Structures are given as C-alpha cells and as structure tokens.
Amino acid sequence: MRAAIIVFPGINRERDMAIALAQSFGRAPRMVWHRDSDLDGLDLVVIPGGFSYGDYLRCGAMAAQSPVMQAVRAHAARGGYVLGVCNGFQILTEAGMLPGALLRNAGLRFVSRDCHLRVERADTAFTAHYQRGAVFRAPTAHGDGNYFADAATLDRLEGEGLVALRYAPPTGNPNGSVRDIAGILSPNLRVLGLMPHPEDLVDPLLGGADGRPLFDSLAATLAA
Amino acid sequence: MTGRVVDAALAREFGLNAEEYGRALAIMGRLPTLAELGIFSVMWSEHCSYKSSRVWLRQLPTAAPWVIHGPGENAGVVDIGDGLAAVFKMESHNHPSFIEPYQGAATGVGGILRDVFTMGARPIANLNALRFGDPSHPRTRRVVDGVVRGIGGYGNCVGVPTVGGEVNFHPAFDGNPLVNAMTVGIAPRDRIFLSAAAGIGNPVVYVGSKTGRDGIHGATMASAAFGEDSEAKRPTVQVGDPFTEKLLIEACLELMATDAIVAIQDMGAAGLTSSSVEMAGKGGVGILLDLDAVPQREHGMTAYEMMLSESQERMLMVLRPDRQDVARAIFEKWELDFAVIGRLTDTGRIVVRHQGRIEADIPLAPLADQAPLYHRPTAPPPPPPSLGAVADPAGLEAALLRLIGCPDLCSRAWIWDQYDATVGGQTVKRPGAADAAVVRIEGHRRALALTTDCTPRYCAADAEAGAAQAVAEAWRNLTAVGARPLAITDNLNFGNPERPEIMGQFASAVAGMAAACRALDFPVVSGNVSLYNETEGRSILPTPAVGGLGVLDDAAQAVGIALRPGLDLVLIGATAGHLGQSLWLREIAGQEAGSPPPVDLAAERRAGDFVRARILAGAVAACHDVSDGGLLVAVAEMALAGDAGCRLEAGPPNLPPHAFWFGEDQGRYVLAVADGAALLAAAAAAGVPAQRIGASGGGGLTLPGGATISLATLRRAHERFLPDWLGD
Amino acid sequence: MKAVVTVMLKPGVLDPQGRAIGQALQHLGFAGVGEVRAGKVIELDLAETDPARARSQAEEMARKLLANTVIEGFRVDIA
Amino acid sequence: MKAVVTVMLKPGVLDPQGRAIGQALQHLGFAGVGEVRAGKVIELDLAETDPARARSQAEEMARKLLANTVIEGFRVDIA
Ligand SMILES: Nc1ncnc2c1ncn2[C@@H]1O[C@H](COP(=O)(O)OP(=O)(O)O)[C@@H](O)[C@H]1O
Ligand SMILES: [Mg+2]
C-alpha cells in the first residue's frame with residue numbers, strides 16, 4: 001500500500017500526518033510538493049491540515065485551484081482513497097470533490113481544544129476499526145470549521161449515509177456545523193473530509209490514541 | 001522627510017540627544033546625510049544599543065558547560081544531548097501591541113520566530129508572557145482580545161504550537177501592556193548559523209518579503225515613552241504576514257541543509273540597517289549595499305526609508321558565491337523574493353548606494369565602539385510598605401472561591417483555546433496540564449520543558465527579591481514536571497531609565513536575577529530589554545520576565561498537575577505563612593502591602609533536586625508548585641485538572657489557617673503519591689521539609705474544617721471570568 | 001481599468017460575523033440598526049481597457065476563485 | 001436606508017491577502033492583473049431615512065467599530 005501527503009505552501013500538519021501514517025502503515029508516506037502532479041500508483045492521497053496560502057481569501061480556495069488537484073481528482077476517479085483533514089477538508093470542498101463549504105466558526109474565534117466525535121458508520125475504509133456509534137476524542141484547531149450545505153444536499157448526504165462523523169457530547173459542536181457534521185464521505189465512500197485532527201492523537205504519551213484506529217483502518221483496508 | 005535639513009533639531013526628533021549627535025558629527029567629520037543620521041539614530045537607540053542597561057547586564061551569569069552560545073547572538077543555544085541544541089529567546093512587542101493589539105502581538109511572534117530560525121533551528125514551541133491593565137479599564141478588553149487573536153493568528157498559521165505563557169492584570173499596565181513572546185527551536189548542535197559576515201567580495205543577499213515604508217523608526221519608538229501624541233505615531237504600525245514567514249522558515253531550513261550560507265541575520269528592529277551593520281561589524285569587514293536591487297513594494301522610496309524600514313518577514317544573508325544559484329532556486333521554489341543587494345568589502349565601512357549616489361558611508365568600528373553607554377543614576381528603591389498581622393475576614397471556603405475566580409488566578413482556557421497547541425504532533429503537556437509545557441523532540445524520546453514566569457507585584461515591592469523569585473519560579477516549574485533546568489532567556493520590562501528610581505529597580509532586579517541564576521546553575525543565554533514602559537509619566541510595574549528551558553531524557557517521565565483518586569498529598573518545602581504581597585492579601589483583605597516572600601536559594605535547590613529525583617524515580621503521580629494564591633489554590637488547581645476530589649487535613653497549630661493555606665512562601669511543591677509515608681521518610685533523610693496535607697478521592701474539595709466544595713462549584717468559579725468578560 | 005468584486009454570503013447562509021457586528025453596534029449605543037451583512041471586496045487593477053471585457057474577465061475570476069458560489073454571490077463594478 | 005461601508009487597508013500598509021490573491025490569479029492564467037487589494041464590506045440596514053444623517057451615522061460606526069483606523073480607511077455609500 002502506498003500513501004502520499006500533498007504539501008501546499010502554508011500547510012503545517014504534514015509532519016504530524018506522516019508520523020500517524022507511518023505508525024499504522026509501517027512505512028513512511030511519500031511527500032508530494034504541490035507542483036509535482038504525479039500521483040500514479042498510489043492507494044491513498046492525504047491532504048493535511050494547515051494554512052495553505054495563509055487561508056487568505058477563503059480557506060482552501062487557492063490550493064483547490066492548484067494543478068495537483070487535477071491529479072487528486074483523477075486518483076479519486078480511479079477509485080483511489082483520499083483523506084482531507086482540516087485544511088484538507090476545506091480544500092476538498094473548495095475543489096468540489098465533497099459537497100458543502102466550511103464557514104467561519106459560529107463563535108468567530110479559532111477553536112483549539114479536544115472534541116468528541118461519534119462514528120456514524122463503521123463499514124468504511126476509514127472507520128472500520130471503530131464501532132458504529134462509538135465516541136472518540138480528537139483535537140481541533142481551526143477558525144473555519146462550520147460545515148454548511150443547503151437542505152437538499154444535507155438530506156442527500158444523510159439519505160445516502162455519507163455523514164461519517166458527528167460532534168458529540170460531552171464537548172459537543174465546537175463551531176456551529178449544521179447537524180453537528182464533522183466529517184463526510186464521497187458516494188463511493190473513498191473520499192473522507194473531516195475537520196478534527198485524529199493524527200494528533202495517536203500516542204498515549206501525547207494524551208491518547210483515540211485517532212489511531214482511523215489510520216489502522218486504512219492500513220488494514222489497503223493491505224487487503 | 002526627504003527635504004529635511006540635518007541638524008541637531010532633526011537629530012533630537014530621531015531620538016539622539018545633543019551629546020550623541022555631536023559624537024556622530026565627530027565620527028563623520030562632516031554633516032551626515034539623512035540616511036546616515038537615520039542609521040546613527042537607530043543603532044544608538046536604546047532598543048539596539050542597550051545604552052542604559054548594558055553596564056548592568058554584564059552581572060548576569062551566562063556560562064555553563066551546556067551553553068553553546070550565550071547572549072550576543074540572535075538567540076541563546078544550549079546543548080540538550082543526542083547531538084541536539086535548543087535555541088531560544090524572548091522578545092517584547094509592548095509599544096506596538098498597545099497601538100494596534102492584533103498586529104503588534106502578531107509581528108512580535110513573527111520577530112522572535114525569525115531570531116530562532118535564523119540560527120538554523122526549526123521552531124517547535126512558542127510561549128507568551130502577557131501583562132494587561134485592570135479589567136475594568138475601558139481599553140483593556142480590546143487589548144486582550146486583539147493580543148490573544150494576534151498571537152494565535154500568527155502562531156497558528158506558521159504551524160508552531162503555542163504551548164505556554166502567563167497573564168497578569170494590574171492597573172499599572174492600563175496604558176502600557178506587556179507582550180513578551182518566546183520561541184524555542186531545535187537544531188543539530190554542530191549546525192548552528194551565526195551572523196558574523198566573512199569573505200571579502202561575498203554576495204550579500206536579501207530574501208523574504210518586499211520592503212515598504214513600514215514602521216520607520218519603530219526602534220526609536222520602542223525607546224520612547226508614550227505621551228498624548230501616541231496617536232500620531234500610528235502610521236508606523238506593521239502588518240504581519242505569517243504565510244510568508246512559514247515559507248521563509250521552510251526555505252531557510254532547506255538552504256541551511258546545504259553549505260551555501262556564510263552568515264545570516266533576520267531583519268528585525270531597524271531592518272536593513274541593524275542587520276547589515278551587525279553582520280559586517282561582527283565579522284570585522286565592510287559592506288556595500290546597492291539599494292536599487294532591494295525588492296520594493298512601494299514607489300519612490302528613499303535610501304533613508306529603505307534603510308529604516310521595518311517591513312516584516314525579511315532576512316539578510318552572506319552566501320558562498322559559488323552557491324548563489326542553489327540558494328536562488330530554493331527561494332524561487334518557495335515564491336519568495338531573492339536579490340543580491342551588495343557585497344562584503346575590506347573598507348570597514350558601510351557604504352549605501354542608491355540611484356547613482358552614495359547615500360551613506362560610515363566607518364563601522366566607531367559606530368559600534370563609540371555607541372553611547374550610560375551609567376545612569378540609580379536611586380535605591382523605597383522599602384516595601386510594612387505589613388502587620390492581618391485578620392481573616394472571609395474564611396477558607398469563601399476566600400478560595402473568590403481567589404480561583406479572580407483575574408490573576410482564573411482559568412486561562414479562553415486564551416489557550418485560541419492557540420493551536422498540538423500542531424507538530426509532539427506536545428506532551430499542553431497549557432494547563434503541567435507547571436511547564438513539555439514538547440517532545442521529533443524522532444527522539446527526549447523532551448523540552450518550557451515556562452515563563454514573573455510576579456510583577458513582588459518586583460514592585462522589592463525588585464531584587466522579586467527578580468530572584470522569577471528565576472526561582474521558572475526553575476521550580478521546570479523541576480515540577482521532572483525536567484533538568486538548563487538555562488533562561490529574559491525580557492526586562494521597566495519604565496523610564498532616565499528616572500533614578502526606575503534605574504534603581506533595574507539594577508536591583510538584575511542583581512536578584514544574577515544571584516538566583518548563580519545559585520541554581522541556571523545561566524542567562526539570551527534576552528531583551530524594554531525600557532520607557534510608561535504612559536503620561538506613569539510607569540508599569542517592573543517586570544523582569546523569565547523564560548526557562550529544561551530537558552527530560554524521556555518524555556514519558558514528565559508529570560502533570562492532574563490529581564487522581566487514591567493518593568496521598570504531601571507538601572514539600574517550609575511554610576511560614578507569608579502573606580505580604582500575596583493575592584489573598586489583595587483580593588480578600590484589600591491591601592497591596594508588605595514585602596514579597598523571601599527566596600531561600602539553597603533551600604529552593606535542595607527541595608527541587610529532591611522533587612525531581614522522586615519524579616524521575618517514578619514515585620510521583622502528580623506535582624504542582626505552590627505559587628500565586630498559595631497552597632489551597634494549588635490543591636484546587638490539581639483537583640480541577642484531574643477532576644478528582646480530595647480531603648485536606650488541618651495545618652500546623654502554630655499558624656492561622658489563612659496564613660498556612662494562602663501564604664505564598666517560596667520553594668514549595670504539592671506532590672500526589674501512592675506512598676506518602678515513603679515520601680516523608682525520603683524527605684526526612686534528604687533534610688527537606690515535608691508534611692502530609694491530605695488524600696485524594698471523592699467529588700469535592702473537603703476543607704480541614706469539614707466543609708466540602710463540589711468540583712462543579714469550584715469549576716464554575718474558576719472558569720467564569722474570562723468568557724463572561726470577553727464574550728462567548 | 002479597475003474592477004471591484006464584492007462578495008457576499010448568499011441569503012440563507014448564516015452570517016455570524018454580520019450578526020456579531022450588529023450586536024456590537026447595539027452595545028455601542030447605535031439605535032435603529034437592522035440587518036448587518038459582512039462580505040469581502042477585492043479591487044483589481046486590470047490591464048484591459050475595454051469596460052465590457054474587463055467586466056467579463058473579473059466575472060470569470062470571481063467564478064473561478066474570488067467567490068465560492070456554493071455559499072457566496074458576487075457583484076462586479078468597473079471603474 | 002441601506003449603508004454600505006467599504007473598509008480597505010490604507011495605502012502603503014502591507015496587504016498580504018491581496019498579494020496572495022494576485023499570485024493565485026496569475027497561476028490560474030489570468031494575464032494583465034496588476035495590483036490586487038483585499039478589503040471588507042459591511043452592509044447595514046438603517047432605520048434612518050435621511051441620506052445625510054444615515055451617512056454620518058455609518059461614518060461614526062466605521063470610525064468606532066467597523067474600521068481599524070490605525071491601518072484601515074473606509075468609504076460609505078448610501079443606497
Ligand atoms: N536582558 C538580557 N539578558 C541577557 N542578554 C540579553 C539581554 N538583553 C539582550 N540580550 C542579548 O543581547 C543581544 C541583542 O539583543 P536584541 O537586540 O534584542 O536582539 P535582536 O537584534 O535579535 O533583536 C542578544 O544576543 C540578546 O540575547
Ligand atoms: Mg535578531
């Protein structure tokens with residue numbers, strides 16, 4: 001199984017993501033600079049968190065227009081797996097690969113604290129190592145994580161079971177996301193975008209390993 | 001400005017007094033040009049020349065076997081083992097943060113980051129030490145909101161976790177808040193980059209953002225007190241661009257992995273002037289600058305403006321000529337400006353050319369050697385107001401609930417929730433989890449412990465004892481997580497040095513720091529002095545902020561403050577019930593009086609070494625030092641952090657309960673351990689005072705008298721203030 | 001030519017910033033403030049000298065980058 | 001009345017956002033784009049019906065809250 005992390009200028013959680021992937025996959029992912037658009041032979045493409053292009057204009061807007069996104073789209077069209085975390089999620093929505101948009105947090109402040117996430121379905125490559133309905137903890141760090149989509153889109157997402165993760169008690173919804181949505185899937189279940197950072201909670205020494213099953217799920221799926 | 005005649009009056013406007021101007025005339029042997037006058041004025045400003053403080057700073061101990069570079073470089077460098085070095089420094093952005101809180105704080109973070117990565121270190125942590133005015137002052141809210149957003153806005157975007165800091169409120173900061181930012185980075189110990197230029201003929205290269213008319217005379221502004229006309233100084237505000245800084249970090253580190261760089265220096269205060277003068281001066285060479293080659297954002301900039309611009313996110317480097325193309329390719333990849341703007345010469349002079357004219361030509365040696373150095377008069381500080389016996393008007397329960405909710409002790413979660421503390425994936429102890437932040441080094445077991453400390457009210461009452469206390473508290477906080485304290489950086493924030501009583505405070509504070517550093521083997525490796533912190537004649541509380549750094553060989557050994565049930569609580573260190581200058585005295589008895597708690601440096605060291613050894617032996621489940629608010633506040637903080645209750649036993653009969661529980665005696669720790677008896681025996685053997693104060697368990701804090709405060713009640717009292725005051 | 005692109009959230013998309021500004025104005029004692037909406041404005045210096053072509057260029061920029069049409073609408077003014 | 005307050009950075013103040021937008025437009029293949037400046041626009045529904053008074057109200061709001069006059073200038077349009 002081969003994984004790559006796309007690095008846009010201003011991305012800053014690529015190292016965290018690489019550590020989490022290496023831990024579960026047993027080998028380091030490839031780091032792909034955004035101007036190199038060769039994604040051939042990869043199983044998984046990850047767009048990590050950070051502030052691509054400084055979050056100027058709109059988070060993810062400029063990265064979404066980058067040439068490498070054509071290659072990411074092609075990878076997804078081939079049935080490849082794509083994971084977008086935080087800024088990565090914003091980039092996927094800006095690129096139209098996932099529906100909806102991420103608005104300013106309802107509280108208008110950057111939110112950096114742990115949140116709790118409920119696993120809405122456990123039959124995906126990303127969530128297989130969680131139980132359905134299980135609640136796990138993950139750090140958040142974003143100013144624009146307020147998920148929005150129009151009612152028709154939301155109904156379709158829910159109807160097709162494409163909501164992967166929702167904010168859950170005790171910490172609840174940190175940013176005003178509609179219907180507590182924290183992460184959504186593409187119709188073929190191979191593209192996941194989510195705001196929180198499971199990659200920053202994969203080591204008990206750093207406060208827990210709640211995020212690790214997500215990467216273990218991917219490793220198991222891709223090895224199969 | 002261009003048309004101005006250079007004379008003594010203009011020199012005064014630029015911040016040079018008549019004597020200093022005369023000295024500049026003598027060095028030049030002719031009337032200086034405008035650009036030359038600008039260069040003299042910024043190089044001889046308090047900010048760049050340390051002319052009032054330098055004679056005192058020499059007292060600080062700066063050496064230890066583990067110190068690689070002490071003061072004199074962009075940041076201090078210490079050996080932390082595994083072939084690695086920690087590079088760190090703290091710097092103030094007080095005046096800019098008052099004028100424009102968001103941008104002032106943001107550019108403060110940007111500036112200190114550059115001081116660290118310019119030495120070849122990848123920044124791995126930021127801290128911030130903040131002092132604000134009284135919460136009831138109409139301006140304080142806006143300042144707090146802007147400063148916190150600015151620190152988060154910059155640090156979060158560059159992807160360096162903000163892991164710690166401190167906040168105080170006092171009316172003395174109403175018109176002059178303090179924003180001290182600290183950055184810590186990691187480099188291979190044999191790959192440290194310095195700023196001394198070398199190699200006649202080598203190219204001088206400018207990288208980063210373009211130059212605009214930002215913050216011209218910012219360095220002189222930081223060296224002047226605020227008056228009614230501070231509004232008029234507003235156009236000097238600079239806007240930070242953390243995105244460009246992030247690119248600059250990556251590009252510089254990429255270049256530093258090659259052998260292209262001979263010398264490198266960030267452009268901080270007084271931008272191109274101080275960077276070029278310092279690089280050439282330290283290397284004992286001359287430098288020729290061709291300003292036509294400087295990347296410019298605005299049209300028609302003069303030499304004076306370019307030399308004094310404080311545009312952010314820029315660096316100056318001397319490169320090996322045969323590696324210029326390698327360097328250019330890296331900066332082009334990161335879409336940053338890259339321009340050869342000059343070369344090193346053998347003239348010993350700085351020569352600045354612009355549009356076919358020589359705009360400046362100054363000999364470097366006298367510019368440095370003849371910089372003003374003042375032995376300003378000092379007046380001994382007045383003795384602190386004495387304090388007699390104080391009766392307890394409130395009782396333990398009411399006092400505790402008030403204290404843990406007061407601005408100086410309430411939860412800082414509202415602040416740190418806006419700072420990304422986890423980016424990098426190495427944060428072992430986040431804000432609020434331990435007395436010092438703990439950040440592991442990627443790919444190693446090793447971790448750094450980091451803290452900032454100072455109690456300005458102690459320093460106001462007794463600058464020497466207060467400054468010693470600041471050093472001791474930093475050392476104690478590092479010890480309390482199990483770290484071996486290595487060194488400090490400092491940020492000496494004081495009022496107007498031309499006033500003898502302020503200079504007296506300064507001299508006493510340096511003496512106190514020096515004594516504590518010496519006794520604790522805790523040298524000063526970098527720092528910053530910020531003077532003229534006064535508004536309309538009213539000075540801030542003297543604030544010698546200390547940033548401490550320690551090391552843990554194994555991150556897994558770090559302990560935090562969170563209590564769990566089923567443990568014995570033991571107090572280490574002696575308690576005399578010192579209430580002078582305590583928060584209890586101010587918040588409950590309504591007095592700011594008495595002397596601050598004395599620091600017994602020998603006892604401090606004994607207790608700390610004992611505690612650290614127990615932690616490293618794995619015998620301690622949680623540890624918290626006793627500081628602001630005293631023992632009961634420390635225990636309440638441990639209970640809240642762990643969401644575990646405890647039952648406290650009565651204190652010694654010879655002390656009034658409020659003095660025992662709220663006194664701020666120094667050198668103390670609360671340890672939560674499985675085996676209290678073993679700990680007491682070990683302490684007795686080591687000659688360290690220790691006493692059992694209770695045990696953990698239950699859903700509340702049970703006071704010696706029997707009353708129980710539920711954790712929910714405590715939590716409400718602790719967490720309410722900042723959100724209620726600042727919204728959401 | 002100068003093109004000014006004004007980008008506002010679509011009606012129906014919650015605008016917490018606008019709401020917060022409205023509340024702050026009220027706290028400051030400004031009466032008679034109804035709905036407040038917050039948006040962005042981007043001023044572009046275009047080499048194009050024909051107003052119609054400048055407008056259509058700016059519109060394309062807005063569609064491609066300056067606005068996210070899932071949530072935002074835009075208006076172009078040419079000066 | 002409707003008041004539209006446009007807030008832009010003062011000339012000479014670094015506009016990192018505008019710069020980044022300009023570069024992105026260039027990468028997207030838009031030629032002939034010179035300087036780009038990014039700002040904010042705030043639309044206010046005011047109860048006031050006299051245009052001159054509405055303007056002066058909006059100007060006061062801008063000075064007090066909507067613009068950071070240390071680094072930003074503003075313009076009010078009444079519609
Ligand atoms: N209070 C202090 N204690 C120790 N060293 C200091 C102190 N103040 C300044 N220094 C040292 O003096 C040098 C110049 O400081 P500064 O001008 O603030 O650095 P920069 O040029 O990077 O802004 C630095 O090496 C700094 O560490
Ligand atoms: Mg420096």
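Letters A, B, ... are given to chains in the order of the sequence lines, protein chains preceding strands, and every chain is numbered from 1. What you are looking at is a predicted structure, and each value in this text was computed from that prediction instead of being measured.
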- Approximate separation, where rounding is to 0.5 Å, of Leu25(D) CG and Glu60(C) CD: 10.5 Å
- Message: I need the minimum non-hydrogen distance between Leu65(D) and Ile21(C), along with the two atoms involved.
- Response: CD2-O, 4.1 Å
- Query: Can you name the closest pair of heavy atoms from Val41(C) and Met8(D) and give their distance?
  - Reply: CG1-SD, 3.7 Å
- Message: Evaluate Val33(D) against Met61(C) for side chain to side chain contact (heavy atoms under 4.5 Å, CB included), listing each step before the verdict.
- Response: CA-CA 11 Å; Val33(D) 182; Met61(C) 293 176 193; 3.6 Å; yes
- Task: Check each atom of Gln17(D) against the heavy atoms of chain C and say whether the ones under 4.5 Å are side chain, backbone, both or neither.
- Result: neither
- When heavy-atom pairs shorter than 4.5 Å are enumerated against chain C, which of Gly39(D), Ala3(D), Ala38(D) gives the highest number? Gly39(D)
- Query: Does atom CZ of Arg55(D) have more than 12 heavy-atom neighbours from other groups under 6.0 Å away?
  - Reply: yes
- Enter the distance from Arg37(C):CZ to Ile42(D):CD1 here, rounded to the nearest 0.5 Å. 13.0 Å
- Message: Is it true that, when you exclude Lys2(C) itself, more than 12 heavy atoms of the residues, nucleotides or ligands shown sit nearer than 6.0 Å to its NZ?
- Response: no
